[in-house]
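Keep in mind that this is a model prediction, so the values were computed, not measured.
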Amino acid sequence: MPLETPAMEQLSTLSGKYGDEGDQLLYKILNSGDYFKKLSAYQTQAMGHEELDKTFIPSYDNTIENLDPKKSLPFIAEKGLRYDLTVPFARYVTMNRNSITLPFKRYQMQTVWRADKPQKGRYREFWQCDADVIGSDSLVNEAELLKMYDEVFALLNLPVVIKVNNRKLLSALATLIKAEPHFVAITVAIDKLDKIGQSGVTDILVQTGLDTKQIQQILTFLNLGKLANPIEAAEVMLGDLEEGKLGIAELKKLREFLSLLSPFNTIEFDFTLARGLSYYTGAIVEVQANIGAFKSSIGGGGRYDNLTGIFGMPGISGVGISFGLDRIYDVMEEQQLFPSYLKTNDTKILFCYFDATTQLKALSLCAELRNNGIAAEVYPDITKKIGKQLEYANKLQINYACIIGESELQSNTLQVKNLQSGEQHPMEINSLITLLQ
RNA sequence: GUGGUUUUAGCUCAGUUGGUUAGAGCGCCUGAUUGUGGUUCAGGAGGUCGCCGGUUCGAGCCCGGUAUUCCACCCCA
């Protein structure tokens, strides 16, 4: 079923769900009214002012520069703009737990906002199209959602690579090399392998504080992807660990399901896929266009085991995918994948005229055509220049022009010109309606 | 958040070591053609050179600040 959630959420709902970077990219909304004057002495202290009391507040110039932005934020901004569709969905599920039936499926197509510097393929406001299943652990859901990616992009004629991994393997890897505290740093580093290569990844890991042996094991893990049976190879490496065992089992099961669904696109298991959103716990997926120069992801998703738990409804697992609509548009525009019929004008005919009297006639004829379900337009300005009006129709790709002058008014007929063939015939309004219907 | 870059006519852009009245192409308008398109020809309109300040006899050009565009990084859709 379709679902929509408000553009604004409580900042407390959004904070901490997307990683450190995510919190910085959240658009915060200032509280209403004179939020500084409303602050209590206690609150101003909490904002970093040991000696500040309320009488001091009205002197804004003195106070603002002394405020600690991080400490101040909760007091001056309680709302933020939607950052993705998954977290609001989890909030919705929690709030409506009594009225929805699990497993619950929904799709959601709305804009989200990131407080980012815009650049190529990167927008401050963009559309996401999400599909999620919540309240079921089954890997059938993963398989079906991956197949949904596959089918949608096949319908769009846009070849893609769908990359799949499992967070549990990455987690097991961190356990194996005894570097659990550096889990996030490790995932961020290996995610960059494509861009900066092994040496670049090594550099980052050294800076993180890992030793040579640990780094070597990470690189070994990454290279498993090149083998013929990467999942089995990973099993040898990580299968003794609890999370490794689970992750391997999930990937194997998913591979089995997918083999039955005969995908059109490449679905590959890629151990370098990490993803930054912190709420993913199991399968993670990312979609890349397999055509053109744009290499950033045009879709992503994964399984989140405890997102509703944060809102007070533990033990519910969900999995979802997201289509990055704007980036998909960008790639399709670049590759000219939009079908030509989308580019034609719906307007069938333009009414051309010469003076105030024929203008009235054109308006009433146009209305009559519209009443018959025909898209028609009237040239808006009075001009003696018929050529200009025809050229306007041309530029708008309107195929017919109806010319109304004094002689047509008297004979009660219409001159209808086909702008492609150049042919022009007099006809009655009824035959014009038949012609265009 | 860090680094770079852009800003001149409606649009896309030239503009030399600072020097008279800032240019081009396209578009637009008018006419050849007082009611029949895409071509052609002739003519025309349109710019406080992003903004504020400074240097200079003189600034589109140099300097400072500020806004803005796009790009890369970071991160992601």
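The C1' atoms of rC49(B) and rC61(B) are separated by 10 Å, rounded to the nearest whole Å. Here the separation of rU36(B) from rU48(B), taken at their P atoms, is 38 Å to the nearest Å. Across rC70(B) and rC13(B), the matching C1' atoms stand 16 Å from one another, rounded to whole Å. As rounded to the nearest Å, rU8(B) and rG31(B) have P atoms that lie 32 Å from one another. Taking atom P on both nucleotides, rU68(B) is separated from rU2(B) by 15 Å, rounded to a whole Å. Spacing between rG46(B) and rA22(B) at atom P, rounded to whole Å, works out to 13 Å. rG4(B) and rG44(B) are spaced 47 Å apart, taking the P atom of each and rounding to whole Å. Here the separation of rA9(B) from rA45(B), taken at their C1' atoms, is 11 Å to the nearest Å.
Among the heavy atoms of the strands lying under 4.0 Å from Q119(A) is at least one base atom, whether or not backbone atoms are also near. Using a 4.0 Å heavy-atom cutoff across all strands shown, G300(A) reaches sugar-phosphate atoms only and no base atom. Using a 4.0 Å heavy-atom criterion, one finds that K192(A) contacts the sugar-phosphate atoms exclusively. As judged by a 4.0 angstrom heavy-atom cut-off over every strand, E125(A) is placed among residues making no nucleic acid contact. Here V188(A) lies in heavy-atom contact (under 4.0 Å) with sugar-phosphate atoms only. Among the heavy atoms of the strands lying under 4.0 Å from I403(A) is at least one base atom, whether or not backbone atoms are also near. Residue contacts for G22(A): at a heavy-atom cut-off of 4.0 Å it reaches no nucleic acid atom on any strand shown. R275(A) comes within 4.0 angstrom of sugar-phosphate atoms only, judged by non-hydrogen atoms across all strands, and of no base. Contacts of Q424(A) with the nucleic acid, taken as non-hydrogen atoms under 4.0 Å apart, include base atoms. As judged by a 4.0 angstrom heavy-atom cut-off over every strand, E286(A) is placed among residues making no nucleic acid contact.
Which of rA77(B), rC75(B), rU30(B) sits closest to the side chain of K385(A) comes down to rU30(B). Closest to the K117(A) side chain, of the nucleotides rG35(B), rU2(B), rC75(B), is rU2(B). Distance from the side chain of S296(A) is smallest to rC76(B) among rG35(B), rC76(B), rC75(B). Closest to the side chain of I386(A), out of rG35(B), rC74(B), rC29(B), is rG35(B). Residue K395(A) has its side chain nearest to rG27(B) when only rG35(B), rG27(B), rU30(B) are considered. Counting only heavy atoms from C-beta on, F354(A) has its side chain closest to rG35(B) among rA77(B), rG35(B), rC76(B). Of the candidate nucleotides rC28(B), rC76(B), rU36(B), rC28(B) has the atom nearest to the side chain of E391(A).
Across the protein-nucleic acid pair, Y18(A) atom OH and rC76(B) atom C1' stand 13 Å apart, rounded to whole Å. Atom CG in D381(A) sits about 11 Å away from atom P in rC29(B), given to the nearest Å. One interatomic measurement links the two molecules: CG of L273(A) to C1' of rC76(B), which rounds to 12 Å at whole-angstrom precision. Taking atom OH on Y279(A) and atom P on rC76(B), their separation rounds to 11 Å, with Å as the unit. Nucleotide rU2(B) holds its C1' atom 14 Å from the CG atom of L25(A), rounded to whole Å. A straight line from CZ of F126(A) to C1' of rA77(B) spans 5 Å, rounded to a whole angstrom. Whole-Å rounding puts the K384(A) NZ to rG31(B) C1' distance at 18 Å. Look at NE2 on H425(A): it is 18 Å from P on rU36(B), rounded to the nearest Å.
Residue F323(A) and nucleotide rA77(B) are not classified as a stacked aromatic pair, given the requirement of ring centres less than 5.5 Å apart at an interplanar angle below 30°.
Cation-pi geometry between K226(A) and F271(A) is not met at under 6.0 angstrom from the ring centre and within 45 degrees of the axis. A cation-pi arrangement is found for R106(A) relative to F89(A), the charged atom lying closer than 6.0 Å to the ring centre and inside a 45° cone about the ring normal. By the 6.0 Å and 45° rule, R114(A) stacks over the aromatic ring of Y83(A).
A salt bridge is defined here as a Lys NZ or Arg NE, NH1 or NH2 lying under 4.0 Å from an Asp or Glu carboxylate O, and D330(A) with R327(A) fails to meet this definition. Salt-bridge check for D305(A) with R167(A): failed, with every basic side-chain N at 4.0 Å or more from each acidic carboxylate O.
No donor-acceptor contact under 3.5 Å links the side chain of Q420(A) to the base of rG38(B). Within 3.5 Å, a donor on the side chain of R327(A) pairs with an acceptor on the base of rC76(B), or the reverse. Between the base of rC74(B) and the side chain of R122(A) there is a donor-acceptor pair shorter than 3.5 Å.
If you check the side chains of Y279(A) and D84(A), you find a donor sitting under 3.5 Å from an acceptor. Side-chain contact of T413(A) with S411(A): a donor-acceptor pair under 3.5 Å is present, judged by distance alone. Between Q389(A) and T383(A), the side chains place no donor N or O within less than 3.5 Å of an acceptor N or O (distance only, hydrogens not considered). In the model, N223(A) has a side-chain atom that pairs as donor or acceptor with a side-chain atom of Q198(A) under 3.5 Å. Between the side chains of Y280(A) and N165(A), no donor N or O sits under 3.5 Å from an acceptor N or O.
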Could you check T358(A) against D355(A) for side-chain hydrogen bond (donor to acceptor under 3.5 Å, both in side chains), going step by step and ending with a plain yes or no? CA-CA 6 Å; T358(A) 45; D355(A) 52 29; 2.6 Å; yes

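At rG35(B), none of the side-chain N or O atoms of K388(A) fall inside 4.0 Å of OP1 or OP2 (strictly under the cut-off).
Nearest-nucleotide positions on RNA chain B for I298(A) and G405(A) put G405(A) closer to the 5' end.
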Toss me the dot-bracket line for RNA chain B: Watson-Crick and G-U wobble, both under 3.5 Å, 5' to 3', using | for pairs to another strand and [ ] for crossers. ((((..(..((((.....[...)))).(((((.......))))).....(((((..]....))))))..))))....

